[in-house]
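Inspection log for the structure reproduced underneath, given as structure tokens.
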Number of protein chains: 2
Amino acid sequence: MGKLKKMKVHIADDHQILIDGIKAVLKTESDIEVDGCSVNGEEVLEWFKTHKTDVLILDINMPKIDGIKVLQRLKKRDFQPLVIVLSSYDDIKLVKEVMKIGAKGFLAKKCAGEHIAEAIKTVYNGGQYFSESIQDKIVTSFSGVDQSKIGNQDGAFFSSLTEREKEILTMIAQEYSTREISEQLFITINTVETHRKNLIKKLKVKNAVGLAVYAHKNQLI
Amino acid sequence: MGKLKKMKVHIADDHQILIDGIKAVLKTESDIEVDGCSVNGEEVLEWFKTHKTDVLILDINMPKIDGIKVLQRLKKRDFQPLVIVLSSYDDIKLVKEVMKIGAKGFLAKKCAGEHIAEAIKTVYNGGQYFSESIQDKIVTSFSGVDQSKIGNQDGAFFSSLTEREKEILTMIAQEYSTREISEQLFITINTVETHRKNLIKKLKVKNAVGLAVYAHKNQLI
DNA sequence: AACCGTCTAACGGTTTTCCGTGATATTTAA
DNA sequence: TTAAATATCACGGAAAACCGTTAGACGGTT
């Protein structure tokens, strides 16, 4: 194609080793340039205050501010990069949620590295990209999706948790009792219980066991 | 240096994208050759039945058979590769555990990609390698570690469970309440509670949350 | 027959979780 | 500077989990 301008890409993932890996993979692509990297959501938001990088490869599970929240906040700004979400957990509900918030692509981490460049080029040219493992699921489930209301309760399965909630979730999943948590965090039992209640509601689970399983599935422990 | 023989490396991680990344990073190393890859523990064990690859980069969180188990089983065989454990969770307890079972190195996923080659070369030459984030912790906590008993009751817990207990454990981990379990299995609540009590004692956990995490770690759900 | 492991069951009491609801201060985003 | 999100705390009541202990029934072993 002989483009004059290289596509600029920003990579966000809390695993530096993965970032370096993707960078190495993309090095062979002459029309792609890795412009910057972030290891947490805060850094991503900071970066896009001063840069207009074309494509953002965005991991969901990140410290400080997770991918979902980053996506939501970027949406409200003037400049928005094309976002390809990266996740180890290729659940269709998650895919739907991030697409609603405006992501242009979804890559499961279990997909082959060669697809990254493919995905970047596709979304750069106005398309959408999904890794194979979820392509067929989407066709059947994306018919009749209400594109309006964003971040509402029905997609809230994966809606982002606050830092405090994650902290408490992690402790619950490590078998700490409410009392123990309250003592360690220097807050009252009442507060911890409120957080637990909110967690159960947000994650749509039944009890602390559900929270623990969620935490484990999402590598929070 | 001019080695005639390249160091052969096998990479095991459930995220293909990370494998491809590491491969790309290692491509610049003239004396390292990636010999094969696995995306789950089963594949790793299968590979080492027929290959004598020098170094194994082993992820902990993998489907089917997790990294710890792979390590334990490899230990019982004639040929043992040098193992560098890869984990997103750089907890000192985990480090100690895998080193006890015979790992030669530990890389946190948040470390820089350039350290992989470094780690491989170090263990290949008989050394041990730890990523920076944990180096200092080790010095202070490795004094007086009992190097004896390996593959002890930690892994034997599971086999000591009866069929009924496993059945109930699975249900607890799926958020069923005691009442629901009793109804589904046509036994009284008292009986289910007795089983739960026995499970907690056998698996040395504190509560149902611990049971759920255990069940999840052992792929019972 | 005596023994062991498993599954079943019961009981009383304590602790913890769960649920709804409402409220206030602080921080942060627009 | 509003408005929204977040973190904090309270209370009352219902439900469930947790704890220790005991014990009958059944099947298989030695």
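Numbered from 1 within each chain, the chains take letters A, B, ... in sequence-line order. Everything numeric here is computed off the predicted structure, so don't read it as measured data.
The nearest whole Å value for the distance from the CD atom in B/Glu165 to the P atom in C/dT8 is 11 Å. One atom, CE of A/Met171, and another, P of C/dT17, lie 12 Å apart when rounded to the nearest Å. Rounded to whole Å, atom P of D/dC18 lies 5 Å from atom CZ of B/Arg196. The separation between B/Ile187 atom CD1 and C/dT8 atom P is 5 Å, rounded to whole Å. Regarding B/Ile189, its CD1 atom lies at a distance of 12 Å from the P atom of D/dA15, rounded to whole Å. As rounded to whole Å, 12 Å separates atom C1' of C/dT6 from atom CD1 of B/Ile168. Distance CG (A/Leu199) to P (C/dT17): 13 Å, rounded to an integer number of Å. For the pair A/Lys197 NZ and C/dT21 C1', the interatomic distance rounds to 8 Å; values are reported in whole Å.
Using a 4.0 Å heavy-atom distance criterion, B/Thr188 is classed as a sugar-phosphate-only contact.
A/Met99 and A/Lys104 make their closest contact through CE-C, 3.9 Å (heavy atoms, listed as atom of the first residue, atom of the second, distance). Among all heavy-atom pairs drawn from B/Leu56 and B/Ala12, the shortest one is CD1-CB, 4.2 Å. For B/Ala24 against A/Ala24, the heavy-atom pair with the smallest separation is CB-CB, 3.4 Å.
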Please report the C-alpha distance between B/Ile172 and B/Glu167 in whole Å, then the side-chain angles of each, then the deciding distance to 0.1 Å, and finally whether the side chain to side chain contact (heavy atoms under 4.5 Å, CB included) criterion is met.
CA-CA 9 Å; B/Ile172 288 173; B/Glu167 192 175 10; over 6 Å; no
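Checking the phosphate oxygens (OP1, OP2) of C/dT15, no side-chain nitrogen or oxygen of A/Arg179 falls inside 4.0 Å. Contact check, B/Thr194 against C/dT8: no side-chain N or O comes under 4.0 Å of OP1 or OP2. Phosphate contact (OP1/OP2 of D/dC9, side-chain N/O of A/Thr191, threshold under 4.0 Å): present. When the side-chain nitrogen and oxygen atoms of B/Asn190 are compared with OP1 and OP2 of C/dA9, none of them lie within a distance under 4.0 Å. The side chain of B/Thr178 places no N or O atom within less than 4.0 Å of a non-bridging phosphate oxygen (OP1 or OP2) of D/dA16. Phosphate contact (OP1/OP2 of C/dT15, side-chain N/O of A/Ser177, threshold under 4.0 Å): absent. In this model, the phosphate group of C/dT8 is approached by a side-chain N or O of B/His195 to a distance below 4.0 Å at OP1 or OP2.
Helix-axis bend for the helix from C/dA1-D/dT30 to C/dA30-D/dT1: the local axis fitted to the five terminal pairs at one end deviates from that at the other end by 50°, rounded to 10°.
Ring geometry, A/Tyr129 versus A/His115: the interplanar angle falls from 30° to 60°, so the pair is classed tilted. The aromatic rings of A/Phe48 and A/Phe79 lie parallel to each other, their planes meeting at an angle below 30°, with 60° marking the opposite boundary.
Across A/Ile57, A/Ile11, A/Val34, a single residue satisfies side chain to side chain contact (heavy atoms under 4.5 Å, CB included) together with A/Ile19, and that is A/Ile11.
Taking 4.0 Å as the cut-off between side-chain N and carboxylate O, B/Arg179 and B/Glu193 do not count as a salt-bridged pair. Note on A/Lys109 versus B/Asp14: no salt bridge recorded, every NZ/NE/NH1/NH2 to OD/OE distance being 4.0 Å or above.
Although no hydrogens or angles enter the test, the distance criterion places no donor-acceptor pair under 3.5 Å between the side chain of A/Lys6 and the main chain of A/Ile32.
Closest contact between the side chain of A/Arg164 and the listed nucleotides D/dC18, C/dT6, D/dT8 involves D/dT8.
For DNA chain D, no neighbouring residue in residues 205-213 of chain A is found when judged by any heavy atom under 4.0 Å.
Projected onto DNA chain D by closest heavy-atom contact, A/Asn198 and A/Glu193 fall at different nucleotides, the more 5' of which corresponds to A/Asn198.
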